[in-house]
Amino acid sequence: SLTDLARPNVAFNPEESDRLPLGIKLGGGFEALWLNLGTELTVRRGPTGELDKRLTLSGERWISSLRWGDLGLRNSIGLGTREFQQITAGLSYRLNKFQIDYALVFPLSGLSGLSGTHRLALTYRFGAPTPEQQYSAALLEKVQSILLPAPPDYQTSLKRIAEEEK
């Protein structure tokens, strides 16, 4: 994709010109059953006129639970010109249509004395579930009925014990 295609003027003084350079982003991903891998290459002209290049590699793993929702684990590493080095780690918790995400972005070079940037997001998914989500919910419900025992029926058990004692 192309970024800042219109090259907007971001100067504080409208009489001056400070236009953002055109950027190019290329990315790709691989999705398996419970693992997602991704990569992104970003190229744009830096403030010194040289090309800035950044390569980011990322991974994500979701751990599903039959009773308590899903837990997502993420990490990435970014490397680039002008000593750009960064790692990111994060986790997510998803239950039905609600999701909460946390991430820590930590620079490995450049600025010193930083403890990273914390990011938090809350998500609610509106609308009806997709056919794939409906199928997944039905499948999960079937697995739960097979693996998780039904709660005991105490009234029936008490009646059976009373009849056995007669």
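This chain uses plain numbering: 1 for the first residue, then up along the sequence.
- Here Leu73 contributes atom CG and Leu35 contributes atom CG; the two are 11.0 Å apart, rounded to the nearest 0.5 Å.
- The shortest distance between side-chain heavy atoms of Phe98 and Ile100 does not fall below 4.5 Å.
- Between Asn36 and Trp62, the shortest heavy-atom distance links the atoms ND2-CD1, 4.5 Å.
- Taken from CD1 in Ile87 to CG in Leu57, the straight-line distance is 13.5 Å, to the nearest 0.5 Å.
- Going from atom CG of Leu55 over to atom OG1 of Thr81 covers 11.5 Å, rounded to the nearest 0.5 Å.
- A heavy-atom distance below 4.5 Å is not found between the side chains of Asn75 and Thr88.
- Summarising the geometry, atom CZ belonging to Arg7 is positioned 8.0 Å from atom OG belonging to Ser17; distances are rounded to the nearest 0.5 Å.
- By the 4.0 Å N-to-carboxylate-O rule, Asp101 lies close enough to Arg74 to be salt-bridged with it.
- Note that CH2 of Trp34 is 10.5 Å distant from CG of Asp70, once rounded to the nearest 0.5 Å.
- In the displayed structure, Glu164 atom CD is contacted under 6.0 Å by more than 12 heavy atoms of other residues, nucleotides or ligands.
- With contacts defined as side-chain heavy-atom distances shorter than 4.5 Å, the pair Asn9/Asp18 qualifies.
- Minimum heavy-atom separation, Leu71 to Ser92: CD1-O, 3.2 Å.
- The environment of OH in Tyr102 is crowded: more than 12 heavy-atom neighbours from other residues, nucleotides or ligands sit within 6.0 Å.
- Separation of atoms CG (Leu108) and CZ (Phe84) is listed at 9.0 Å; rounding is to 0.5 Å.
- At a threshold of 4.5 Å between non-hydrogen side-chain atoms, the residues Leu104 and Thr117 do not count as touching.
- Within the 4.5 Å cutoff, the side chain of His118 has no heavy atoms near those of the Leu120 side chain.
- By the criterion of side-chain heavy atoms lying less than 4.5 angstrom apart, applied directly or through intervening Ile, Leu, Val, Met, Phe, Trp or Tyr residues, Leu20 is not grouped with Leu5; the two fall into different hydrophobic clusters.
- Using a cut-off of 4.0 Å between Lys/Arg side-chain N and Asp/Glu carboxylate O, Arg45 and Asp52 are scored as not salt-bridged.
- The backbone N or O of Glu15 sits less than 3.5 Å from a side-chain atom of Asn13, completing a donor-acceptor pair.
- The two residues Ser76 and Ser58 have their closest heavy-atom pair at CB-CB, 3.7 Å.
- The local environment of OH in Tyr124 is crowded, with over 12 non-hydrogen atoms from other residues, nucleotides or ligands closer than 6.0 Å.
- Residues Ile77 and Thr56 are not in side-chain contact: their nearest non-hydrogen atoms beyond the backbone lie 4.5 Å or more apart.
- Atom CZ of Arg119 has 12 or fewer neighbouring heavy atoms from other residues, nucleotides or ligands inside a 6.0 Å radius.
- A 6.0 Å sphere centred on CZ of Arg54 holds no more than 12 heavy atoms belonging to other residues, nucleotides or ligands.
- Using modelled atom types, one finds a donor on one side chain and an acceptor on the other under 3.5 Å when comparing Arg125 with Gln99.
- The closest side-chain heavy-atom distance from Val10 to Arg19 is not below 4.5 Å.
- A salt bridge links Asp4 with Arg44: the closest approach of a Lys/Arg side-chain nitrogen to an acidic carboxylate oxygen falls below 4.0 angstrom.
- Side-chain contact check for Glu16 versus Pro14: every heavy-atom pair is 4.5 Å or farther apart.
- Listed for the Lys97 side chain is a donor-acceptor partner under 3.5 Å among the backbone atoms of Gly127.
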